[in-house]
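The first residue of the sequence shown is numbered 1, and numbering continues consecutively from there.
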Amino acid sequence: MVGWRLIRWDVLERRDYQVNAAREILEHGENTLVVMPTGLGKTAVGVLVIAGVLEESGGQALMLAPTVPLVEQHARFIERVMRGVSVLELTGRVKPDERETLWKKADVVVATPHVVRNDVIEGRVDPSRFTVTVFDEAHRAVGGYPYVYVARELDGLIVGLTASPGSDVERVQEVVRNLGIERIIVKTEDDPDVKPYLGRVDVEWVDVELPDWFEEAREGLQRAYKRRLETLKDMGFLDRTSRVWTGKLLSLREELRELKARRRERADFYSRALGVVAEALRLAKGREILETQGVGPFLRYFERLREKRGGMALKRVLGDPDFQRAVKVAKRAANEGKPDHPKLPRVLELVEEAETGLVFTQYTDTAKLLRRFLESEGVSTSLLLGKQHMSEREQLEAINRVRTGEARVLISTSVGEEGLDLPACDRVVLYEPVPSEIRTVQRIGRTARDGASGTAYVLVSRGRFSTLDEIYFYVSRARERKMLRVVRKVQERLRSRGGEGRPSRGGRRVVRRKGRGRTRGSVSLREFIRSSGGRGEREEEEERVPPHVPTILVDSREMNTKVVEHLRRRPVRLERDNLEVADYVIGERVGVERKSERDFAESLKDGRLMDQARELAREFERPVLIVEGNPRREVEPESVDGALAALAVDFGLTVLQSSGPGETAELLYRMARRVARDERPAQPRRRRSVDDLRVEMLSCIPGVGPELARRLLERFGSVGEVVTADVSELKRVEGIGERRAREIRKFLWGREGGGG
C-alpha cells in the first residue's frame, strides 16, 4: 500500500480520482496513458506516481514537457507538493557540458524532450537511471517528435498524460505504440469520483450573421476560387469542385511535383497545373482570413501579396476581377469605419460582465486586433503569443497580469492551449471553431477549473453559403464525440490482449515487479538485430553478425539528427568527432556526405556542392554522397541530372538515393559492416600537411618521385624556388644529373631555358 509520505497533503488537495488513477498505475506497474479533461489536474496524477515510485523503489524520476514555460511550471509544482526531494530544471538554456554534471544532482528532473534526446545520444545521461518517466502532453508522441526516441530508450515505468489523444484510431495507437503503453485510464466528467470536483461548464455556440457588404466580398473570393477548381477538374486532377478544401489542394500540389519530376515530357502541363493550384491556395487563404478574422487582416494579406515577388500565378490572382472586387468592398468598409468583423462587438458583449475572461484565436494579427478593440472599449487585456513573438519571460508576465488582477481578459493564440497554468476563468471565448478535437477540448478546458463554474462561447460566422466557421464547427463536434469512442476502443484492445507490452532495447517485454522497479531485458546481439530490423529468419541467416561491431565516426553537427537516432538502434559503435570533411567516416577509405533535397538544391545553386565534392574526393578513397528525398522538386530536373553526372564523372563520387533518415541510416550501417569485414580501424585518413601536398605536387614532374621531391624541398625550401632554379642549381641535388635537370626545366617551362 502506497503511503505517499513524500506528498505534502496540506499543499496538494487530496482528490479521489487523482489518487485512484495513481494507485492503479502503481499497483499494476504497467506503462499507462492517463486521459483526463483539462483542468482536472493531470499533472498531480503524474507527481503522485513519481512520489510512489521514489518512495518504494528509489532511483531517479524524469518528467518531460514540450515547452520551457511548462518545464518551469511543473518544476515549481513538484517543489511545492513534494518534500525531501531535490528538483532540477533542464532546458536548452543550460549548456550541454554543464548538463552532464547536473543530471546526477537531483531526485526529480523536469526537462524538455529535445534536451533529453540530445543528452542520451551524446552519452551525457544513461536513460536506465530513471525508474519512472512522466510524459506531459503525451499526444505529441507521434512521428519524429523527440518523445518517441526518448521513450524507446527508457527501461523504467512510463506514464503519459493528455487531455486529448486524438479522434483517429491510428493516431491513438501510434501514441500507445511509441510510448509502450499497456494500460489506459480514462477519467470523464461522468465518473463518480470526478463529479464532486468538476465545475459546471456550459458550452454555447454563438451565431454571428454576416452583413451584406461582408457577403459581397466573400462571394467574390468564392467565385475566383471556384474557377480555379473547375480548371483543375478540366485538366483531370479533380473529380469534383464542391467540398474541396486546402488539405486536398496541398496533397494535389505534392502529387503534381512528383509527376513533374518523373514525367519530364509533360513537365509544362504539370507546371501549368501547379500554377493553378498556387492561385487556388492563395484565394482560399484570403477567404479564410476574411471570414474568420475580418477586413483588416484580409487587407493586410492583400498588401503582403502585392509586395511579394511572384510569378504569373501571383499576378493572375492580383489581376482577377472578382478578387479585385472583394478588395474594393473591404476597403470601402474600412473607410466607412465598419468593424473589422461582426464578431468583435460580440466578443465585447461576452467579456464585459466576466470577472476574468480568456479569448482564443488562431492568428497573431487577430489577437492584436482584439486587444486594440477591447482596450478602446475600456476592457483591460493581456496578450499571450507564441515564442516567435514573445520570450518565455514575456509569456509568463502576460499570464501573471491576469492572475494578479492587472488585466481582466487574456487574449491568447494556440500557445495557451497546452498545459500552461492559466488563471481560472469564468468565461472562455473561442473566436473561431477549430477543426481539431484536441485543440477544442484544450481551449474549452480552460474554464471551470478547480471546481468553479463557467461558460465557454464558440463564435460561428453564418452566411448565405457555408462559412469556414460552420464547416469547422461540424468537424470539431464530430471529432470530439469520436475521440472518446476511439480511446475506449483502444483501451478495450489493450485489455483483451493483456497489454501489448513494451519491448525493451533488447526486444523482450519489460515487466515491473511490484514495489521493485523495472528489470531490464538482457538479450544477445543477434536478438537485438532481429527485433530492431524486423527481418525474417532466412534473411537473418544471410546476414551473420560481423565478428566486430563496426564503428562510424559522426560529425558533431550530425549527432542530433534522425539518422543518428536510427543508427543507435543498430549494432554499431558511434564516435563523435569534429570532421572537417564529410558527415560520416567509415574506416580509412569511406567518407560520406549527407544532403536533404533542399540542402542539395541550395548547395547546387550557390556552388558549395562541387567544392564539397572536390574536398571529399581529395580526402577519401571512396567518397559517397547520400541524397535524401527528391531534389528535382526544388530545382529544375535538368540541373539535378547535370550535377549528379558531374559528381560521378568529374569527382568519382558514388551517389546513393535515400527516401529519408531511416534509409540513410540503413545505408551507413551496411557500408560499415562491409568495411568491418576487413577489420580496419574506423579512423579518417590523416589530413595531409602542407609539406605533404608540396611533395605530391613536385612528384607530378616526370622522373621525380616522392623521395627526390623531398630532397628538392630540403635544398630549395619551397616549390617556387624549385621552379625558378636553373640547371646548374638543380644538379646540386643528390640524384639529379645533367639530363634529368634539363628534363625538369623543360617540363616546368616548356623549354630548357625558361624562367629567366
Side-chain angles (χ1 to χ4, degrees), residues 38-39 43 63-80 87-95 98-99 110-115 136-137 140 145-146 163 293 296-297 300 304 340 344 347 351 354-432 434 439 442-443 445-447 449:
T38 298
T43 308
M63 175 174 274
L64 296 171
T67 65
V68 174
L70 270 176
V71 167
E72 295 174 345
Q73 174 182 306
H74 291 334
R76 289 195 302 271
F77 179 71
I78 294 170
E79 287 173 338
R80 286 201 315 272
V87 182
L88 174 67
E89 300 173 23
L90 281 183
T91 67
R93 295 172 177 173
V94 184
K95 294 179 180 178
E98 296 175 11
R99 295 202 300 261
V110 188
T112 55
H114 299 83
V115 161
D136 190 28
E137 308 298 345
R140 288 174 173 255
Y145 194 70
Q293 314 309 313
R300 283 191 288 276
R304 287 196 293 269
D340 277 279
L344 290 173
V347 173
V351 301
E355 186 175 338
T356 55
L358 175 57
V359 181
F360 275 113
T361 182
Q362 293 192 73
Y363 296 96
T364 299
D365 283 348
T366 306
K368 294 176 179 177
L369 174 67
L370 277 163
R371 186 180 197 187
R372 288 195 299 271
F373 177 77
L374 292 177
E375 290 278 354
S376 70
E377 297 293 331
V379 179
S380 59
T381 65
S382 185
L383 189 63
L384 179 62
L385 305 177
K387 59 183 178 182
Q388 298 91 343
H389 305 278
M390 273 186 168
S391 67
E392 284 123 11
R393 179 183 58 80
E394 290 171 330
Q395 290 176 342
L396 293 173
E397 287 176 355
I399 294 170
N400 286 331
R401 287 189 68 224
V402 178
R403 184 175 283 116
T404 59
E406 184 180 347
R408 195 155 56 84
V409 176
L410 180 65
I411 302 168
S412 175
T413 56
S414 58
V415 68
E417 293 171 9
E418 289 191 357
L420 280 175
D421 187 17
L422 301 182
C425 299
D426 58 328
R427 187 162 295 189
V428 173
V429 178
L430 275 61
Y431 192 77
E432 66 279 293
V434 288
R439 295 178 64 190
Q442 288 174 328
R443 287 182 175 195
R446 296 298 157 189
T447 191
R449 300 166 74 92

Note to self: Using side chain to side chain contact (heavy atoms under 4.5 Å, CB included), reason through Lys368 and Leu383 one step at a time and then give a plain yes or no.
What the structure shows: CA-CA 8 Å; Lys368 294 176 179 177; Leu383 189 63; 4.0 Å; yes

Next item on the list: Kindly indicate, with the supporting measurements, whether the criterion side chain to side chain contact (heavy atoms under 4.5 Å, CB included) is fulfilled by Val110 and Val87.
Entry: CA-CA 7 Å; Val110 188; Val87 182; 4.3 Å; yes

Margin query: Would Arg304 and Asp365 count as a salt bridge (charged side-chain N to carboxylate O under 4.0 Å, His left out) here? Give the steps.
Written below: CA-CA 13 Å; Arg304 287 196 293 269; Asp365 283 348; 3.7 Å; yes

Next item on the list: Please report the C-alpha distance between Val359 and Val347 in whole Å, then the side-chain angles of each, then the deciding distance to 0.1 Å, and finally whether the side chain to side chain contact (heavy atoms under 4.5 Å, CB included) criterion is met.
Entry: CA-CA 8 Å; Val359 181; Val347 173; 4.2 Å; yes

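When all heavy atoms of Leu70 and Ala65 are compared, the pair lying nearest together is CB-CB, 3.8 Å. Among all heavy-atom pairs drawn from Glu89 and Ala75, the shortest one is CG-CB, 3.4 Å. Here the closest heavy-atom approach between residue Met390 and residue Glu394 is recorded as CA-OE1, 3.4 Å. Considering all non-hydrogen atoms of both residues, Val409 and Val351 come closest at CG2-CB, 4.0 Å. The minimum heavy-atom distance linking Asp340 with Pro297 is given by the pair OD1-CD, 4.0 Å. Of all non-hydrogen atoms in Gln395 and Leu385, the two that sit nearest each other are NE2-O, 3.0 Å.
For the atom pair Ile411 CD1 and Phe360 CZ, the distance stands at 12.0 Å (nearest 0.5 Å). Taken from CE in Met63 to CD1 in Ile78, the straight-line distance is 4.5 Å, to the nearest 0.5 Å. Taking CG of Leu410 as the start and OG1 of Thr381 as the end, the distance is 9.0 Å to the nearest 0.5 Å. Separation of atoms OG1 (Thr67) and CD (Gln73) is listed at 8.0 Å; rounding is to 0.5 Å. Rounding to the nearest 0.5 angstrom, the gap separating the CZ atom in Arg371 from the OG1 atom in Thr361 is 15.0 Å. Separation of atoms CG (Leu344) and CG (Leu370) is listed at 5.5 Å; rounding is to 0.5 Å.
With respect to the salt-bridge test (charged N to carboxylate O, under 4.0 angstrom), the residues Glu72 and Arg93 qualify. Ion pair Arg393/Glu397 flagged as a salt bridge, since at least one NZ, NE, NH1 or NH2 atom sits closer than 4.0 Å to an Asp/Glu carboxylate oxygen.
Within a 6.0 Å sphere centred on CD of Glu355, heavy atoms belonging to other residues, nucleotides or ligands number 12 at most.
Under a 3.5 Å cut-off, the side chain of Arg140 and the backbone N or O of Pro66 do not form any donor-acceptor pair.
Under the 4.5 Å side-chain criterion, counting only non-hydrogen atoms from C-beta, Val115 is in contact with Arg99. A 4.5 Å side-chain heavy-atom check between His389 and Thr364 finds at least one atom pair inside the cut-off.
Counted by atom type alone, Arg408 and Ser380 present zero donor-acceptor pairs between their side chains at under 3.5 Å.
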